[in-house]
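Values below: every heavy atom of this structure, side chains too, minus hydrogens, waters and symmetry copies. Note that the structure is a prediction, hence the values are computed from the model and not measured. Here is how names work: the chains are called A, B, and so on, in the same order as the sequence lines, proteins then strands, and each is numbered from 1.
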There are 2 protein chains.
Amino acid sequence: MTPVPRAGLSREAVVGLALGVVDDGGTGGFADLTLARVAARAGVATPSLYKHVGSLAELRREVSVRAVGELAGATSRATVGLSGPDAVRAMAHAWRGYARVHPGRYAAAQTGPDPDDPAHAAHRDAAAESVAVAVATLRGFDLPEECVVDAVRAVRSAVHGFVTLELGGGFRAPQDVDRSFDALVDMLVAGIAALARREPG
Amino acid sequence: MTPVPRAGLSREAVVGLALGVVDDGGTGGFADLTLARVAARAGVATPSLYKHVGSLAELRREVSVRAVGELAGATSRATVGLSGPDAVRAMAHAWRGYARVHPGRYAAAQTGPDPDDPAHAAHRDAAAESVAVAVATLRGFDLPEECVVDAVRAVRSAVHGFVTLELGGGFRAPQDVDRSFDALVDMLVAGIAALARREPG
DNA sequence: CCAATAAGCTACGCCTATTAGCCAAAAAGT
DNA sequence: ACTTTTTGGCTAATAGGCGTAGCTTATTGG
């Protein structure tokens, strides 16, 4: 009957539009990601998206994988050629920088993959890559093998916690937040060094 | 027509049932909190809840305030009579302990209040109390006035980040998570002490 | 005993996601 | 070039969520 021009969508295009929704929604962009919103951007009826994406959950997972990959890439790029304290500092700042520039995507990156579901394989890989960057950063500290995991967990915890609280408006005091972040990173670097000195073998 | 017995609800009762939903839902209990679920627990039709609660958003906020208050209470109780490193350690462990016992409520506690909305006053108060506990914990470190906020932010960031990642399944390696937490707390204590030593005045 | 209030209910409107089935447009095959 | 198949739109319809309106009954207070 009525001619229906093609919108030229594809899985890639849909994910891209979803990323746009996430970006425009600020910190809550990922939580507010909806098929209806994506369809509106595409100029298409909501059910049409199912030709390119299995479900909202699948689209969200795809967005998460992208976000985790980007975060891993940003920290990785920031630390090439560095080691020891310099590497940790660079990683921490790159991490926080990514979160501040892309708060919606950072929130998306916090969805953990299901360890068992085979559909989450890409997500697991991306997460593993992100952790691998952190591990690589700690080379140069001469950490005893069994302490590396403690150090990685400490760095991830501290930086992620800081960024989360900052984006969530948790730091209401007037003091400079950058300064506090530097202090935190200093603590981490000193703490890792101390961890290396302890239990010397 | 048909006799409609009273369910004996009240605002208190509704909030209590909501807390039950949150508790039973694990980490995602707060995200999955829904008026329909609460109504089902109350044995009541969903719209009936509006006689006791203004909206889902209001109910969620109420739950958040409770959770923040409980967390502040738990950390406060754990640190009475302690100071310095002992206080920080006790607070960190009480914090993590609360989150592990009440993962749903802990997630609820992460919703930040709107600084302007007068309806969020109770939420702001609860959050302020929680921060006050952390500040009190740092007495005994002789921190220069302008460094206290850095130390508070560092402690909150590190502990919150660790707990968040732990609950979210972010620590997949087989190594003991308790040990990693102890290492993190050691770093914090040492870092705060170093902060006190720096810029001596 | 009666009136006022409080606490249920059903019916509805609007927004999601998702499925089913139709139809035209593009692509592939002959 | 024509035909066939696949693809990517569509509308219609189901199910479940929040929230509003208006009715009815239980409870309470005079």
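- Aromatic ring orientation, A/H123 versus A/H120: parallel (interplanar angle below 30°, classes split at 30° and 60°).
- As a whole-Å value, the separation of A/H52 NE2 from D/dT7 P is 12 Å.
- For A/L35, taking side-chain heavy atoms from C-beta onward, the closest of the listed nucleotides D/dC18, D/dG9, C/dT18 is C/dT18.
- With hydrogens and angles disregarded, a donor-acceptor distance shorter than 3.5 Å links the side chain of A/R124 to the backbone of A/D114.
- Of the candidate nucleotides C/dG8, D/dC18, C/dA20, C/dA20 has the atom lying nearest to any side-chain atom of A/P47.
- For CZ of B/R139, the number of neighbouring non-hydrogen atoms (other residues, nucleotides, ligands) closer than 6.0 Å is 12 at most.
- Nucleic acid contact for A/T34: sugar-phosphate only, since backbone atoms but no base atoms lie under 4.0 Å from a heavy atom of the residue.
- Counting to the nearest Å, the P atom of D/dG17 and the CG atom of B/L59 are 15 Å from each other.
- A/E58 has its CD atom 14 Å from the C1' atom of C/dA17, to the nearest Å.
- One interatomic measurement links the two molecules: CG of A/L49 to P of C/dT19, which rounds to 13 Å at whole-angstrom precision.
- Atom CG of B/L56 and atom P of C/dC15 are 18 Å apart (whole Å).
- At C/dC9, one or more side-chain N or O atoms of B/S48 fall inside 4.0 Å of OP1 or OP2 (strictly under the cut-off).
- Atoms CG (B/L33) and P (D/dC18) sit 9 Å apart, rounded to a whole Å.
- Distance A/Y50 OH to D/dT14 P: 17 Å, rounded to the nearest Å.
- Among the nucleotides D/dG19, D/dC10, C/dT10, the one closest to the side chain of A/A45 is D/dC10.
- Below 30°, between 30° and 60°, or above 60°: for A/H93 and A/F181 the angle between ring planes is above 60°, a perpendicular geometry.
- Per the geometry, NZ belonging to B/K51 stands 13 Å off P belonging to D/dT24, to the nearest Å.
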